[in-house]
Amino acid sequence: MQKKVEEPTLAVADGLPAPQRYWAMAAILTGISLSVLDSSIVNLALPDITRDFGASASAAVWVVNAYQLATLVLLLPCAQLGERIGYRRVYLVGLAVFTLASLGCVVAPSLPLLAGARALQGLGAAGMMAVNSALVRLTYPTDRLGRGIALNSMIVAISSVAGPSLSALVLSVASWPWLFLIQLPLGTIVFVLARRSLPGNAVSPSAPRPHWLDVALNIAMFSLVFLGADAFGVRREAGGVPTPGSLALAFGLLGTGVLVGALYIHRQWTLPAPLFPVDLLRIRVFALSMCTSVGAFAAQTLAFVALPFLLLEGQGRSHFEAGLLITAWPAAIVVVAPVAGRLIHRVGGGLLGGIGLALMAAGLALLALLPPAPALWRVALPLALCGVGFGLFQSPNNHTIVTSAPLRRAGAASGMLGTARLTGQSLGAVLLGLIFSVAGVRQGGPTIALGLAALLAGGAAVFSSLRIRPAH
């Protein structure tokens with residue numbers, strides 16, 4: 001009997017039966033929440049880490065950057081590996097690496113080793129993120145897949161904003177290594193649960209392996225873009241204006257990234273199963289959904305980084321008041337995401353996404369037009385409107401990306417979900433760096449950033465609306 005329990009269950013066309021589906025989703029959702037939380041949970045601990053290791057702030061920030069960069073550059077290779085050896089296996093290995101690396105973070109005796117352990121955590125997170133949506137697709141019946149993706153999207157949204165709060169709670173009673181120590185039992189429990197419940201999928205051992213040069217170009221392209229965005233200084237959130245030297249470095253890294261990317265995409269263009277899935281980008285609805293996602297996440301990043309400067313510096317609010325106001329955005333997502341999941345099959349992702357992003361654009365425009373000292377409700381309502389719009393967009397858009405790809409390329413589609421999110425966030429960081437370098441962070445910079453975010457959200461709404469099929 002034990003052997004039967006541990007063998008992977010091959011998913012059938014209509015997903016897993018109800019009891020196993022619930023356990024599988026518990027494993028999938030807990031794993032993705034751990035990987036998303038870890039991208040921001042260390043931010044508040046950076047001063048303590050800097051002091052404990054006697055390091056500079058610029059060096060300590062690589063405790064955050066190492067994780068994010070490793071995740072970004074390895075998403076697509078892990079996704080293709082899932083198509084070759086199975087999504088379940090990639091997820092389990094990624095979860096095991098993530099959990100073991102958490103132990104490495106606890107016992108790291110120096111800052112470089114801590115950053116190295118964080119990079120290893122990023123590798124594990126890439127394995128989980130890359131196949132996350134593919135596993136959801138295999139777990140849920142077709143007629144309920146929208147609800148599964150909506151639940152997954154809601155957990156990602158909550159996890160992306162819960163990191164600082166959870167970190168503050170832990171650091172109020174314990175030292176920073178406990179941020180990683182608590183991940184050990186959680187990771188172990190999820191591994192046991194995932195090994196027993198996750199579905200298997202048909203694999204292609206004879207499929208061509210990615211060429212080493214393609215993997216190297218993928219890593220180089222995303223690394224240069226990430227480092228270029230980081231050179232603007234936005235990721236450090238220091239509040240200073242980038243120097244001419246940092247701007248020159250940023251533009252140089254980004255330009256080199258574009259050149260490497262052009263060579264990389266050219267190599268991928270004729271491959272039957274390319275590492276960078278240009279075959280999926282030839283599918284019109286998939287390409288439009290990717291453009292929608294990149295634009296929406298760029299707008300979100302512009303807003304999320306600009307809002308603290310607007311509320312704290314521009315309006316003179318306290319940190320508590322600013323944090324409470326900003327919470328209106330993710331709170332609205334939590335309320336709306338399940339509703340969007342139920343509406344996907346009735347309304348259509350193109351229309352839902354277009355309406356949602358139009359609402360988000362309106363909320364961002366209202367924020368950009370705020371007077372110098374607005375009442376609380378005049379800030380909270382536009383933020384909630386942004387959250388409602390983002391909640392209406394995210395689940396239907398993710399559903400379209402996942403289901404518009406052939407089942408054999410579900411891994412590539414899943415990897416592109418994370419890639420679109422991180423690419424949009426990098427684009428938002430670059431644009432915000434340019435705005436702050438010209439307009440500053442205390443005067444018109446945040447207002448300009450919010451106005452540009454509204455334009456990006458409006459453009460994403462147009463891309464989403466182009467997916468609406470005319471009635472025949």
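Counting from 1, the numbers follow the sequence of the chain as shown. Note that the structure is a prediction, hence the values are computed from the model and not measured.
In this structure, the side chains of L114 and C105 come closer than 4.5 Å at one or more pairs of heavy atoms. Side chains of L432 and T301 form no contact here, defined as non-hydrogen atoms less than 4.5 Å apart. Residues M154 and V334 have side chains in contact (heavy-atom distance under 4.5 Å, counting atoms from C-beta outward). The shortest distance between side-chain heavy atoms of R147 and I344 does not fall below 4.5 Å. Q68 is not listed as a side-chain neighbour of L422, based on a closest heavy-atom distance of 4.5 Å or more. Between L72 and V225, the closest side-chain pair of non-hydrogen atoms is not below 4.5 Å. The shortest side-chain heavy-atom distance between Y67 and S35 falls under the 4.5 Å cut-off. Here the side chains of L151 and Y140 are in contact, with some heavy-atom distance below 4.5 Å.
Between S465 and G354, the closest heavy-atom pair is OG-CA, 3.9 Å. The shortest non-hydrogen separation linking Q268 to L275 is OE1-N, 2.7 Å. Here the closest heavy-atom approach between residue L253 and residue L224 is recorded as O-CB, 3.6 Å. Nearest heavy atoms, A150 versus S395: CA-OG, 3.2 Å. Summarising the geometry of V388 relative to L359, their closest heavy-atom pair is CG1-CD1, 4.3 Å, with the distance given to 0.1 Å. Between P199 and L138, the closest heavy-atom pair is CG-CB, 3.9 Å.
For the atom pair CD1 of I468 and CG of L288, the computed distance is 11.0 Å after rounding to the nearest 0.5 Å. Put simply, CG on L34 and CG on L29 are 11.0 Å apart, with the number rounded to the nearest 0.5 Å. The OG1 atom of T188 sits 12.5 Å away from atom CG of L193, with the distance rounded to the nearest 0.5 Å. The distance from atom CZ of R144 to atom OG1 of T139, rounded to the nearest 0.5 Å, is 13.5 Å. The CG atom of L135 sits 10.0 Å away from atom CZ of R88, with the distance rounded to the nearest 0.5 Å. To the nearest 0.5 Å, atoms CD (Q121) and CG (L103) are separated by 10.5 Å.
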Next item on the list: Tell me, with the steps shown, if N397 and R467 meet side chain to side chain donor-acceptor pair (under 3.5 Å).
Entry: CA-CA 10 Å; N397 196 73; R467 300 177 297 175; 3.0 Å; yes

Next item on the list: Show your working on side-chain contact (heavy atoms from CB on, under 4.5 Å) between L76 and F222 and close with a plain yes or no.
Entry: CA-CA 11 Å; L76 292 179; F222 285 115; 4.2 Å; yes

Next item on the list: For the pair V339 and R342, evaluate side-chain contact (heavy atoms from CB on, under 4.5 Å) and give the outcome as yes or no after the intermediate values.
Entry: CA-CA 5 Å; V339 178; R342 294 177 181 274; 5.9 Å; no

Checklist line | Derivation of the side-chain contact (heavy atoms from CB on, under 4.5 Å) call for F180 and R118 | finding: CA-CA 10 Å; F180 305 106; R118 287 282 289 166; 3.8 Å; yes

Note to self: I'd like to know whether L450 forms a side-chain contact (heavy atoms from CB on, under 4.5 Å) with L302, so could you lay out the CA-CA distance, the side-chain angles of the two residues, the decisive distance to 0.1 Å, and finally the verdict.
What the structure shows: CA-CA 7 Å; L450 289 167; L302 275 168; over 6 Å; no

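A donor-acceptor pair under 3.5 Å links the side-chain atoms of T99 to the main chain of L95, judged by distance alone. Side chain of S414 to main chain of G411: no donor-acceptor pair is present (N/O by atom type, distance under 3.5 Å, no hydrogens or angles).
Salt-bridge check for R409 with E83: passed, with a basic side-chain N closer than 4.0 Å to an acidic carboxylate O.
At most 12 heavy atoms of other shown residues, nucleotides or ligands fall within 6.0 angstrom of atom CZ in R346. Around CZ of R89, the count of heavy atoms belonging to other residues, nucleotides or ligands within 6.0 Å does not exceed 12.
Using the six-membered ring where Trp is involved, F393 and F297 have ring planes that are perpendicular, over 60° apart on the 30 and 60° scheme.
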